[in-house]
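Written below as C-alpha cells is the structure these notes are about.
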Amino acid sequence: METTLTNIRPLADDLSHLLVTIGETDSDEQWSKVKTSAQALANGLRIRDGADDVHTALGESSLPETLTKLLSLSLHGSATPQGIFPSVTFEILRVAANLCMDHDGNRAQLLEAGLPQAVVSLLEGYAETVPPPPHLEPLALSIPHLQVIRTAIGVLLNACIGFDAIKFRLISLEVATTILKLSTAIYPPASWSNFTPNGGNPEANFEEIWALRSGLSNWAWRTISELKTERMNVTLQIFTPDILPLLTSPLLVYCSESPQPEPPSLAVVPNPASLLSSDFEVLEESCMLIESLSLDVEDVRLSLARGLHFPAEHSGVPCLSSILQFIEFGSYPVLWHILDESDRKRKEKAFDMCKAALIKSVVEVAGEAIDRPGGDFIYRMVQWIKQYVSLMDSPNSKNTIHREDMVICGSLSLGNLARRGCRKELSTLLSPPYSLAPILTSKHLLSPTVDIRVKHGIIGLLKHLAQVSSQSTLIHTSLGDAGVVQAICDSGIWDEKSDAMADVVQIGAIGVVKHMCNANVRHTLMLVLPREDNPAAPTGLSQILSLTKRSDSVALRSEGTRVLVNVIKSLWSHSVSNSAKPEEIVNTTAEAEDARKLAMRSVQNQDCALALASLVVRSGRFPLLVNEGVVALSLLSTQATGAPLVLDAILAPITTDLPSDPPPLELESPSSESQSPVATPATTPKSALDMLALILKNIDNPANFPLEVRMNVCSFLSQIGKHTSGEKLDRVQSTLRPVLEKLYEKSKSSQGKEDMLRKSMKRVLDGWRSA
C-alpha cells in the first residue's frame, strides 16, 4: 500500500490518544494497542516514494514528543523494559529510527523532544548489566532485548549522520563508550562457534540470535565511526583510556601458538561466512581505533605504558601485553578456509594491516618512557630482533616465516626509547645480556636486499645510539667493534635506486656515520678509504657526496656535507693512535698514519671543496652550519694541494635554494655564544665569497652571526693566502678588504669579545699588506 498522509496520519494520532489514555489507565491492553499502531506506523515510514511528504508532516506534528513520552513510560521506572514491554519499546524505537532517516528537519524535532537523550539513557541501563571485560561468552539476552538494543543504536545512528547538533549532544553524553561496552559484550568475536542456547540445542534460534548480535555489532561500529568523523580537520574526541580493555580483549581471539581445531558446531551454523566477516569487522575496527587513539591522545599512550607494570590500570586486563601478543602470535583463523579465495585474500591483507596499525601504536607508546633496561618490554623488543637474525642464519631459513614486522616494531620502539633515554640506559642495550650492536649490523638487517622498512627501524635506532656515542665510550666502542660504519656503507641505502622512497632513512644513515666519524680517525678511515677486499667499490664518503649532488632535499644535502666536515676535522685534528683503543695503540704503526694521510689527500679535491662552499652559501639562515663549513674550508686550506681548490670553490657561482622552513637538522652549538637566531641575509649570495662578506657585515641583526663565526671567517681569510696567490686571491682581497677596513674603523671602541673580532680583522689586513 502506498504511504500517504491520509493512511499514516491516523496511526500517529492513535499513538497520541493512547499516550493520554495510558496516563489515566496504564494497562497491558493499551500497551498492546501502542505496539500495534507503532508497528504499522514504522512499517509505513520505511517507504519514502509516496506522493505526500509524510515524514516532514509527521515530524512537525506532536509525534516526536509522543514517542519520547511513550518510550519513557514503557520502562515503568526501570532502567530497561521488563515483561511484555521490550516488544513495545522495540516498535516505538522503530518509528523514531524511520522518522529521522535522511531527514535533518525531523532530527532536529527529535532532539528538541529529547528522544536521543532518552535512548542514551535506555542503553546506559543495559550497559549497567555488562560484566567487566574480557568477554569470553556473549552477554545473555533474550531476542526481544537484543532487538531493543540494536534498534536503539539504529535510532542514534540515523539521527546523527551528518547532523552535528545531535552528534555533539551524544558525544557530551559519552554514548560511544556505552555503545562499545554493549557491543563487545553482546558480540564477542568467534563466540558463536561454541554457542549452545536452550539446554544445549545448538540449532534453536541460532540464525535469528546471531543475526541480531552481529547486526548490532555492525551498527555499533558505524555509529562510533560517525561520532568520531573529522569536522574542520579536527577529530572529535569521544573516548577515554577506560575503553582500552574493550578494544584489546578481541585481539586474543586471533592469537594461538598452535593451530586450533574446527569447532564442532560449525556444521549447524547457517551462514558462517557472514559471522566470520562480523568477527573480522570487530578486529579491524578495534585495531584502527587503538592506532588512532595512540597517535592522537597522550592519556591513552600513558595509560597503555602504565598498564604494563600496574595491572590495576585496566582492572587487571593486560592491554599492552595483549597488543604485543597479537603482533607476535596473531594468525589467520582456521575457519577462513571456507571463504571464497578472493574474500580470504582480502581479509588476509586487511589482517596484516591490523598488525601494522598496532605496531604504530606500540612504537608511539614506547616513546612514553614505557620501560627501563631489564624490563619485560625492552627484553621482548630485543628478542624479536635477535630471533629474526637467528632464524635467518639458520640452515632452514628458507622454510621459515620471516617476521620483518616484528623487527620493524622492535627497532622503532627501541629507537623511540633511545630517543628519550639517558646515556646509562642506552649503554645497557649494547651490554650483556642484550649486546645488540653486532645484531644491528647483521647483513640480514643492513644489506641491499633488506626491506627498506626494516632498514628504517634499524638505522633509526643506530642513529639514536650514535647521537650519544661521544658521551659514552662503551656505546662508541661497541658500535665501532660491530663495524657499524662499514655495515651502513655496504647496505646500499645511499644507492640511486633507493632515492625515491628512502629520504628519511638516507638522512638517518648519514647521521649515524656523522656521529661515528666525529673526532674518530678509525671510523673516518672506514668511511673514506676503499675496502681492502673490494677496492673497486665506491667508498662511503663518495656515496654520500654523490647522493648530495642528485638530491633535491636541502636537509639531506646539508647533513651529507656535515659528514665531510666531521671527516676533515677528524683527519686534520687527530692521529690514529688518539682514536684507537688502548690495546690497539701498540699496533698503531707508521702504516696507519700513512692511511690517515692518504685519506687526507683523498678529500682534497674539487668536489669536496665545492660541497663545503655550497654548505656555506645555502646555510645562510643557519649560522652554525655556516660555521662548520668555514672551519672545514680553513682546514683544507692548510694544505698546499687543498688551498687552491678552496680558492676556486669560494669564487664559483652557487645557486641557492633555501627552504621556506628550517630543515630538520641536528645543530650542535660549538658554544653557548653561538646559539643565535636564524639569520636572513638581506642580499642573496651568489658565491661563498659573497656569503663571507655578508657574515662579516652582519647587516641584519648583531645576533644573526655570532662573533665566533665571524672570527672563524677571519681565520680562514688569513689561512687561504698562505698557499695561494695570483688573480683569484686578488679577487678575494679586493672584495673583502673594503668590508674589513670599514668594520675595523667602526670597532675602534670595542671591548671584550668584540675587541677579539677587531684583532682578528687586523691580522687579516696586516697579512694581506705584507703579502
Side-chain angles (χ1 to χ4, degrees), residues 35 38-39 42-43 45-46 80-81 86-98 101 119 122-123 126-127 129-130 135-158 178-226 250 253 262-286 333 335-336 338-340 343-344 346-347:
K35 174 183 174 182
Q39 183 180 58
N43 291 341
L45 289 174
R46 293 173 60 183
T80 60
S87 60
V88 179
T89 305
F90 167 58
E91 297 298 346
I92 294 170
L93 291 170
R94 285 186 63 224
V95 175
N98 292 339
M101 184 171 59
V119 173
L122 173 64
L123 290 174
Y126 279 106
T129 67
V130 174
H135 303 301
L136 303 180
E137 299 289 337
L139 183 66
L141 288 167
S142 66
I143 287 178
H145 283 291
L146 289 172
Q147 289 174 326
V148 168
I149 298 172
R150 186 187 68 163
T151 309
I153 294 173
V155 171
L156 299 183
L157 175 60
N158 284 356
T178 302
I179 290 175
L180 184 62
K181 186 177 181 181
L182 283 168
S183 174
T184 53
I186 291 171
Y187 189 83
S191 58
W192 53 269
S193 61
N194 52 15
F195 180 71
T196 54
N198 291 354
N201 179 4
E203 297 185 67
N205 299 323
F206 186 97
E207 185 171 8
E208 183 179 6
I209 290 171
W210 287 102
L212 282 169
R213 291 179 181 271
S214 62
L216 183 152
S217 176
N218 175 262
W219 286 6
W221 284 112
R222 287 176 59 191
T223 305
I224 291 170
S225 178
E226 184 63 30
V253 173
E262 187 171 299
S265 61
L266 183 63
V268 298
V269 178
N271 190 2
S274 175
L275 293 173
L276 288 171
S277 293
S278 296
D279 291 347
F280 188 61
E281 180 185 34
V282 175
L283 176 69
E284 275 191 299
E285 295 289 352
S286 297
L335 293 182
W336 280 7
I338 68 172
L339 304 175
D340 63 73
D343 188 30
R344 178 173 51 80
R346 184 196 66 79
K347 282 185 170 59

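FYI, the numbering just counts along the sequence from 1. Values below: every heavy atom of this structure, side chains too, minus hydrogens, waters and symmetry copies.
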Solution key, residues 135-155 side-chain donor-acceptor pairs under 3.5 Å, sequence neighbours excluded:
unit_1	atom_1	unit_2	atom_2	d
H145	ND1	Y126	OH	2.6
T151	OG1	Q147	O	2.7

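Within the 4.5 Å cutoff, side-chain heavy atoms of L122 are placed close to those of L93. Between P81 and V88, the closest side-chain pair of non-hydrogen atoms is not below 4.5 Å. No side-chain heavy atom of F90 sits less than 4.5 Å from a side-chain heavy atom of P86. Under the 4.5 Å side-chain criterion, counting only non-hydrogen atoms from C-beta, N43 is in contact with R94. Contact check for P272 versus I338: side-chain heavy atoms found under the 4.5 Å cut-off. For the pair W219/I179, no side-chain contact is recorded, criterion being any heavy-atom separation below 4.5 Å from C-beta on. Within the 4.5 Å cutoff, the side chain of P189 has no heavy atoms near those of the L283 side chain.
K35 contributes atom NZ, which lies 11.0 Å from atom OG1 of T89 (distance to the nearest 0.5 angstrom). Here the CD-CD1 distance, from E207 to I209, works out to 11.0 Å after rounding to the nearest 0.5 Å. To the nearest 0.5 Å, the span separating CZ on R344 from CG on L276 amounts to 12.5 Å. Taken from CG in L182 to CG in L216, the straight-line distance is 7.5 Å, to the nearest 0.5 Å. Between atom OG of residue S193 and atom CH2 of residue W210 there is a gap of 8.5 Å, rounded to the nearest 0.5 Å.
In terms of the salt bridge (Lys or Arg N to Asp or Glu O under 4.0 Å) criterion, R222 has no residue partners (sequence neighbours excluded). Under the side-chain hydrogen bond (donor to acceptor under 3.5 Å, both in side chains) criterion, T80 pairs with Q82, not counting sequence neighbours. Residues passing the side-chain hydrogen bond (donor to acceptor under 3.5 Å, both in side chains) test with N98, sequence neighbours excluded: none. Qualifying side-chain contact (heavy atoms from CB on, under 4.5 Å) partners for A211, counting only residues two or more places apart in sequence or in other chains: none. For E285, the side-chain hydrogen bond (donor to acceptor under 3.5 Å, both in side chains) test picks out no residue, with sequence neighbours left out. Take T178 and apply the side-chain hydrogen bond (donor to acceptor under 3.5 Å, both in side chains) test, not counting sequence neighbours, and it matches no residue.
The only member of N218, L157, L180, N158 that meets side chain to side chain contact (heavy atoms under 4.5 Å, CB included) when paired with T223 is L157.
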Subject >> L123/L156 under side chain to side chain contact (heavy atoms under 4.5 Å, CB included): CA gap, chis, key distance, verdict >> reply: CA-CA 11 Å; L123 290 174; L156 299 183; 3.7 Å; yes

Original post:
Going through the checks in order, is the side chain to side chain contact (heavy atoms under 4.5 Å, CB included) test met by D343 and W336?
Top reply: CA-CA 9 Å; D343 188 30; W336 280 7; over 6 Å; no

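Judged by distance alone, with hydrogens and angles left aside, the side-chain atoms of N205 form no donor-acceptor pair with the main-chain N or O of E208 at under 3.5 Å.
Sorted by first and then second residue, the side-chain hydrogen bond (donor to acceptor under 3.5 Å, both in side chains) pairs involving residues 269-279 (not counting sequence neighbours) are Y187-D279, W192-D279, S277-K347.
When all heavy atoms of A38 and V95 are compared, the closest pair comes out as O-CG2, 3.2 Å.
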